[in-house]
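Only one structure is covered here, and it is reproduced in the block below.
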Protein chains: 2
Amino acid sequence: MSANSRLTIAAHALAWIGLYQRQGHEIATSEQIAASANTNPVVIRRLLGELRRAGLVESRRGAGAGWSLARELGSITLLDVYEAVEPGPLFAMHRTTPDQGCVVGHGIQPAMRGIYQDIEETLRHELARVTLEKVLRDVLAAPRQPL
Amino acid sequence: MSANSRLTIAAHALAWIGLYQRQGHEIATSEQIAASANTNPVVIRRLLGELRRAGLVESRRGAGAGWSLARELGSITLLDVYEAVEPGPLFAMHRTTPDQGCVVGHGIQPAMRGIYQDIEETLRHELARVTLEKVLRDVLAAPRQPL
DNA sequence: TCTGTTGTAACGATTATAGTTACGACGGCC
DNA sequence: GGCCGTCGTAACTATAATCGTTACAACAGA
């Protein structure tokens with residue numbers, strides 16, 4: 001399916017900011033987050049920009065600038081993040097319209113659209129059950145590397 | 001997510017073969033199916049080849065060759081088709097391993113893996129609820145074009 | 001032997017993601 | 001008022017997947 005890592009990286013960034021704030025810091029920079037995720041700060045800024053448009057984070061500019069949560073981790077779900085960073089549908093229709101003179105070609109798109117809608121609704125429901133609070137909890141529950 | 005149309009086209013092909021067989025025909029050719037789906041026969045042959053490896057269809061070569069169902073439409077689910085034509089997972093991890101010295105970087109992958117597994121399990125369950133028999137039924141239920 | 005179809009390789013077009021560089025905009029601070 | 005660190009964003013490249021297309025050998029029935 002050529003899956004992408006946008007949801008993963010966005011969740012990573014949110015968990016990082018959330019933990020950082022709990023440690024008493026006000027503001028996180030894209031450079032810090034990028035170092036943790038081992039990627040480029042611009043990638044982080046692009047993703048956080050989409051999360052800001054969705055009202056999940058806030059950004060400050062100027063000196064001492066950076067990112068902070070606009071909502072508590074417990075009130076943000078993976079569905080919020082998913083909708084902010086994943087534009088398209090899960091499954092695509094035909095790239096060209098099927099033969100409308102054929103019974104199957106004529107009915108296949110409405111049929112699949114209805115089926116896909118149900119499936120995506122279930123997916124959204126599952127995503128909505130997972131808060132970023134739980135993500136951070138699972139992150140911290142990971143076993144530490146033995147020395 | 002850069003969704004693809006593989007599941008849609010594969011379902012289209014199966015529904016087409018199924019209906020064709022119910023009309024008394026033995027064998028469907030990739031050219032006929034490609035005409036209905038408005039794409040290239042090679043695209044159909046590639047997809048049907050994956051369905052054949054999954055045991056859903058059979059192919060005959062030589063003159064008068066073509067494709068037929070290996071199982072009834074009612075016993076084939078969208079999950080069977082999905083597993084046959086969609087290799088990867090729904091969501092990808094980081095392309096590079098996160099900073100293992102960071103608490104979040106260290107715990108994020110196990111955390112997300114567990115969460116994604118649950119979500120994909122639900123998705124598979126939903127896909128398994130839809131048979132190709134139902135797909136064909138929905139296809140035939142689509143309203144005909146008014147003259 | 002002829003013919004029609006599968007099976008598959010090879011290549012190009014298109015698209016999305018991700019990484020990178022560059023630089024203007026902004027705002028706190030000295 | 002100027003300095004400096006960070007955001008915001010454009011632009012470009014690299015990589016990869018999908019899809020379409022051409023080509024052709026393999027195959028099997030007539």
Side-chain angles (χ1 to χ4, degrees), chain A residues 1-10 12-13 17 20 25-35 37-53 57-68 70 82 84-98, chain B residues 1-10 12-13 17 20 25-35 37-53 57-68 70 85-98:
Chain A
M1 169 90 69
S2 97
N4 61 42
S5 62
R6 296 167 64 84
L7 183 61
T8 303
I9 304 292
H12 186 145
I17 299 173
Y20 196 60
H25 304 278
E26 284 265 340
I27 289 283
T29 70
S30 61
E31 191 161 345
Q32 294 171 313
I33 302 168
N38 193 15
T39 181
N40 193 290
V42 175
V43 173
I44 300 297
R45 289 205 288 271
R46 279 197 290 235
L47 275 173
L48 286 180
E50 300 177 44
L51 297 186
R52 175 165 42 76
R53 260 169 252 130
V57 300
E58 289 167 348
S59 66
R60 259 196 268 164
R61 306 181 63 163
W67 304 84
S68 56
Y82 178 81
V85 303
E86 298 282 2
L90 206 50
F91 302 110
M93 285 297 140
H94 310 63
R95 309 176 122 191
T96 64
T97 65
Chain B
M1 169 90 67
S2 100
N4 61 42
S5 62
R6 297 166 66 82
L7 183 61
T8 303
I9 304 291
H12 185 145
I17 299 173
Y20 196 59
H25 304 278
E26 284 265 340
I27 290 284
T29 70
S30 62
E31 190 161 1
Q32 294 172 314
I33 303 168
N38 193 15
T39 182
N40 193 290
V42 175
V43 174
I44 300 298
R45 289 205 289 270
R46 278 197 293 237
L47 276 173
L48 285 181
E50 299 177 45
L51 298 186
R52 175 165 42 78
R53 260 168 253 131
V57 300
E58 289 167 349
S59 66
R60 258 199 269 163
R61 306 181 65 163
W67 305 82
S68 56
V85 303
E86 297 281 3
L90 206 50
F91 302 110
M93 285 295 140
H94 311 62
R95 308 177 122 191
T96 64
T97 65

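Every chain is numbered from 1 and lettered A, B, ... according to where its sequence line falls, protein lines coming before strand lines. A quick note: this is a predicted structure, and the numbers were derived from the prediction, not measured.
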Per B/S5 side chain, nearest of listed nucleotides C/dT17, C/dT8, D/dC19: D/dC19
Output yes when at least one side-chain N/O atom of A/T39 is less than 4.0 Å from OP1 or OP2 of C/dG19, else no. yes
State whether the side chain of B/R52 and the backbone N or O of B/V57 hold a donor-acceptor pair below 3.5 Å, judged by distance alone. no
Of all the nucleotides listed (C/dG19, D/dC7, D/dC19), which has the minimum atom distance to the side chain of B/R6? D/dC19
Between the side chain of A/S5 and the main-chain N/O of A/T8, is any donor-acceptor distance below 3.5 Å? no
Lys/Arg N to Asp/Glu carboxylate O, A/E26 vs A/R60, below 4.0 Å: yes
From D/dT9, C/dT17, C/dG7, pick the nucleotide closest to the side chain of B/R95? C/dT17
Please evaluate the base of C/dC26 for a donor-acceptor partner in the side chain of A/R61 within a cut-off of under 3.5 Å? no
Separation of D/dC19 atom P from A/H94 atom NE2, nearest Å, is 11 Å
To the nearest angstrom, the CD-C1' distance between B/E31 and C/dG7 comes to 16 Å
Hey, is the side chain of B/R46 pairing donor to acceptor with the base of D/dG20 inside 3.5 Å? yes
OP1 or OP2 of C/dA16 sitting under 4.0 Å from any side-chain N/O of A/N4? no
Whole angstrom is fine here: how far is it from CD1 in A/I9 over to C1' in C/dT17? 11 Å
Between A/R52 and D/dG8, does any side-chain N or O lie under 4.0 Å from OP1 or OP2? yes
Starting at CD of B/E86 and ending at C1' of D/dC19, how long is that distance when rounded to a whole Å? 14 Å
When we call it a touch if two heavy atoms are under 4.0 Å apart, what does A/G64 touch: a base, just sugar-phosphate, or nothing? nothing
Choosing from C/dT8, C/dT5, D/dC7, which nucleotide comes nearest the side chain of B/T29? C/dT5
Would you kindly check whether a donor in the side chain of A/R45 faces an acceptor in the base of D/dG8, or vice versa, at under 3.5 angstrom? yes
Measure CG/A/N38 against C1'/C/dT20 and give the value in whole Å, please. 14 Å
Proximal nucleotide (of D/dG20, D/dT6, C/dT6) relative to the B/W67 side chain: C/dT6
On DNA chain C, does the nearest nucleotide to B/G49 precede the nearest nucleotide to A/V42 from the 5' side, or the other way round? Give the residue. B/G49
Taking CG from A/L47 and C1' from C/dT17, how many angstroms apart are they, rounded to a whole number? 10 Å
Does any N or O in the side chain of A/N38 come within less than 3.5 Å of the main-chain N or O of B/T96, such that one atom is a donor and the other an acceptor? no
Side-chain N or O of B/S30 closer than 4.0 Å to phosphate OP1/OP2 of C/dT6: yes
Atom CG of B/N40 to atom C1' of C/dT5: distance rounded to whole Å? 14 Å
In this structure, how many angstroms lie between the P atom of C/dT6 and the CD atom of B/Q32, rounded? 9 Å
Of all heavy-atom pairs between B/A28 and B/Y20, which one has the smallest distance, and what is that distance? CB-CD2, 3.9 Å
B/Q32 side-chain N/O to B/T29 backbone N/O, donor-acceptor pair under 3.5 Å: yes
